[in-house]
Colleague: 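Pasting a structure below so you can have a look.
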Amino acid sequence: MSINPRYKKIWAVVKSIPKGSVSTYGDVARFSGYPGCARMVGTALRAAPDELNVPWHRVINSQGKVSFPSGGEKATSQQDILEHEGVVFLSGVVNLNAYAWQGNLDSELWRM
DNA sequence: GCACTGACTCCCA
DNA sequence: ATGGGAGCCAGTG
């Protein structure tokens, strides 16, 4: 099965998230031109091949938490990577107000 | 083609 | 603050 072009756009957006910052599924969806498609972002990230080096760990939910069962290996590793990049977790929650990436709507990313 | 699920989010009680 | 319900779109059986 072929990969939908939508995913490539989403991956491109995620890859543009600078180190030390995070973004939410909803925001990534909006920045990608698919407002309201937060779930699609999750699906896209799950389908993202490792070869692309997509920093999926920088994408968290609107609550500032990782979208994995807390205590799980995935959640733990994601949090560990983010902390290693300088993102601070307080009680398992990221201060989105301080770390959320402000996407640039005028980016050339939009018209690809 | 229908129905259910999912790495989501918003709204209201 | 917390939980339930609806809306959302693609993937999967």
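In the text below, chain A, chain B and the rest are named by the order of the sequence lines, each starting its count at 1.
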Colleague: Could you check whether A/S77 and A/D80, counting side-chain N and O atoms only, form a donor-acceptor pair closer than 3.5 Å?
Modeller: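 No.
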Colleague: Tell me which of A/P35 and A/T43 sits closer to the 5' end of DNA chain C, going by the nucleotide each one is nearest to.
Modeller: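 The residue whose closest nucleotide sits nearer the 5' end is A/P35.
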Colleague: Look at A/Y7 and C/dG11 and indicate whether a side-chain polar atom (N or O) is within less than 4.0 Å of OP1 or OP2.
Modeller: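 Checking A/Y7 against C/dG11: at least one side-chain N or O falls below 4.0 Å of OP1 or OP2.
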Colleague: Can you figure out which of C/dC9, B/dC8, C/dA10 approaches the side chain of A/R39 most closely?
Modeller: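 The answer is B/dC8, which lies nearest to the side chain.
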Colleague: Over how many whole Å does the gap from A/Y25 atom OH to C/dA10 atom P extend?
Modeller: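 Spelled out: OH on A/Y25 to P on C/dA10 is 18 Å.
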Colleague: Taking the side chain from A/K15 and the backbone from A/L52, do they hold a donor-acceptor pair closer than 3.5 Å?
Modeller: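 Answer holds: yes.
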Colleague: In whole Å, what is the span from the NZ atom of A/K65 to the P atom of C/dA1?
Modeller: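 One finds 11 Å between P of C/dA1 and NZ of A/K65, rounded.
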Colleague: Provide, to the nearest angstrom, the distance between the NZ atom belonging to A/K9 and the P atom belonging to C/dA10.
Modeller: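 Rounded to whole Å, this separation is 14 Å.
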Colleague: Rounded to whole Å, how long is the line connecting atom OH of A/Y34 with atom C1' of C/dC9?
Modeller: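 Distance, rounded to whole Å: 12 Å.
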Colleague: In this structure, how many angstroms lie between the C1' atom of C/dG11 and the CD1 atom of A/I10, rounded?
Modeller: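 Rounded to whole Å, this separation is 13 Å.
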Colleague: Taking only the side-chain heavy atoms of A/W56 (C-beta and beyond), determine which of C/dC9, B/dA7, C/dA10 contains the nearest atom.
Modeller: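 Out of C/dC9, B/dA7, C/dA10, the nucleotide with an atom closest to A/W56's side chain is B/dA7.
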Colleague: Please report the distance, rounded to the nearest Å, between CE in A/M40 and C1' in C/dT12.
Modeller: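 That distance rounds to 17 Å.
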Colleague: Given atom CZ of A/R46 and atom C1' of B/dT5, what is their separation to the nearest angstrom?
Modeller: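 Result: 10 Å.
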Colleague: Flag yes if A/Y34 and A/W101 sit in one hydrophobic cluster, no otherwise; membership is Ile, Leu, Val, Met, Phe, Trp, Tyr, and two members link when side-chain heavy atoms are under 4.5 Å apart.
Modeller: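 Looking at the clustering, A/W101 is in the same group as A/Y34.
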Colleague: For the side chain of A/N4, counting heavy atoms from C-beta on, which of B/dT9, C/dG11, B/dA7 is nearest?
Modeller: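 Comparing B/dT9, C/dG11, B/dA7 against the side chain of A/N4, the answer is C/dG11.
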Colleague: Is the phosphate of B/dT9, meaning OP1 or OP2, less than 4.0 Å from a side-chain N or O of A/S62?
Modeller: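 For B/dT9, OP1 or OP2 has a side-chain N or O of A/S62 closer than 4.0 Å.
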Colleague: Over how many whole Å does the gap from A/Q78 atom CD to B/dA7 atom C1' extend?
Modeller: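 Rounded to whole Å, this separation is 8 Å.
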Colleague: Without swapping roles, check the side chain of A/E85 against the backbone of A/R58 for a donor-acceptor pair under 3.5 Å.
Modeller: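 Not at all, since once roles are kept as given, no pair shorter than 3.5 Å links the two residues.
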Colleague: Tell me whether A/D50 contacts the main-chain N or O of A/N53 through its side chain, where contact means a donor paired with an acceptor under 3.5 Å.
Modeller: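 No; judged by distance alone, with no hydrogens or angles, the pair does not exist.
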Colleague: Between A/R6 and C/dA10, is there a contact of a side-chain N or O with OP1 or OP2 at under 4.0 Å?
Modeller: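 Indeed, a polar side-chain atom of A/R6 lies that close.
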Colleague: If you check the A/F68 side chain, which of B/dA7, B/dT9, C/dC9 turns out closest?
Modeller: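 Looking only at heavy atoms from C-beta outward on A/F68, the closest nucleotide is B/dA7.
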